[in-house]
Amino acid sequence: MEKCAVKEQYLKLAYNSFNNTKGLNISYKSKILYIASRPCFYKECTLIFDINVARLIMKLSIPNEVFEIIEIFSSTKFKHFQIYYSMMHKFANESMGEAESYEMFLFDQKVFS
């Protein structure tokens, strides 16, 4: 059996290894982990997290009046990245969908154009 490029227990280490490279944000880090972890067939694959997804999650979660008066930034902490993709998988499991499909829905929204 081939070894996986990014073992699940090493996701945090892989994520944090990007911290030494200036200019890499959460979007880029999560894209690299997503691509590297796809061949591993994790029960919960990593997903891509960026500022637009963070904003849309908030827009869908709070009243519009509140959303309009706050600024939202996506966290760069691995813990929060892990919470995001676990939350998406939990939602997908509860609704018998796929986390990647819900993620694509969030990416496809043109709310902030």
Side-chain angles (χ1 to χ4, degrees):
M1 176 177 240
E2 287 185 38
K3 290 189 176 184
C4 181
V6 180
K7 298 256 186 218
E8 189 163 5
Q9 63 268 28
Y10 298 121
L11 282 177
K12 182 176 183 178
L13 179 65
Y15 180 91
N16 288 333
S17 72
F18 294 125
N19 292 339
N20 297 329
T21 306
K22 290 184 180 184
L24 297 185
N25 59 27
I26 183 70
S27 176
Y28 187 81
K29 291 177 186 181
S30 63
K31 284 176 188 164
I32 295 295
L33 286 179
Y34 172 79
I35 292 165
S37 66
R38 290 298 294 152
C40 298
F41 302 106
Y42 295 146
K43 181 179 177 190
E44 291 185 354
C45 68
T46 63
L47 299 170
I48 300 169
F49 186 56
D50 69 5
I51 188 61
N52 291 326
V53 168
R55 287 180 180 147
L56 189 57
I57 288 170
M58 289 304 296
K59 187 167 183 67
L60 295 171
S61 302
I62 61 177
N64 195 48
E65 298 81 23
V66 175
F67 179 80
E68 294 298 325
I69 62 171
I70 61 174
E71 288 188 47
I72 300 163
F73 301 93
S74 53
S75 172
T76 59
K77 295 178 181 173
F78 177 78
K79 176 175 81 172
H80 297 149
F81 167 63
Q82 196 172 33
I83 289 169
Y84 162 70
Y85 74 77
S86 292
M87 174 186 70
M88 292 295 284
H89 281 281
K90 181 178 182 234
F91 179 73
N93 289 337
E94 289 171 355
S95 61
M96 298 192 313
E98 297 207 10
E100 288 176 311
S101 297
Y102 292 112
E103 180 185 52
M104 286 306 299
F105 167 79
L106 294 174
F107 279 130
D108 286 343
Q109 300 309 300
K110 306 293 185 237
V111 179
F112 307 106
S113 308

* Asked: Any idea how Tyr28 and Phe18 line up, ring-wise: parallel (<30°), tilted (30 to 60°), or perpendicular (>60°)?
  -> perpendicular
* To do: Taking all heavy atoms of Glu68 and all of Lys59, pick out the closest pair and write down the distance.
  => OE2-NZ, 4.1 Å
* Would Phe91 end up clustered with Phe105 when hydrophobic side chains under 4.5 Å apart are linked, directly or stepwise? -> yes
* Sub-4.5 Å side-chain heavy-atom contact between Tyr34 and Glu100 -> yes
* Between Ser75 and His80, what is the shortest heavy-atom contact and its length? -> OG-ND1, 2.6 Å
* Tell me yes or no: between the side chains of Ser95 and Tyr102, is some donor less than 3.5 Å from an acceptor? => yes
* Asked: Are Met104 and Ile35 in one and the same hydrophobic cluster, where Ile, Leu, Val, Met, Phe, Trp and Tyr link if side-chain heavy atoms are under 4.5 Å apart?
  -> yes
* **Common cluster, Ile83/Leu47, ILVMFWY with side-chain heavy-atom separation under 4.5 Å** => no
* Work out which heavy atom in Ala99 is nearest to a heavy atom in Ala92; give both atom names and the distance. => N-CB, 3.3 Å
* **Close side-chain approach of Glu71 to Arg55, heavy-atom, < 4.5 Å** => no
* Structure fact -> Looking only at heavy atoms, the pair that brings Phe67 and Met58 closest together is CD1-C, 4.2 Å
* **Distance-minimising heavy-atom pair for Leu33 and Ala14** => CD2-CB, 3.8 Å
* To do: Flag the pair Lys77 / Ile26 as yes when at least one side-chain heavy-atom distance between them is below 4.5 Å, and no otherwise.
  => no
* Asked: Ile51 and Phe73: which non-hydrogen atoms are nearest, and at how many Å?
  -> CD1-CA, 3.4 Å
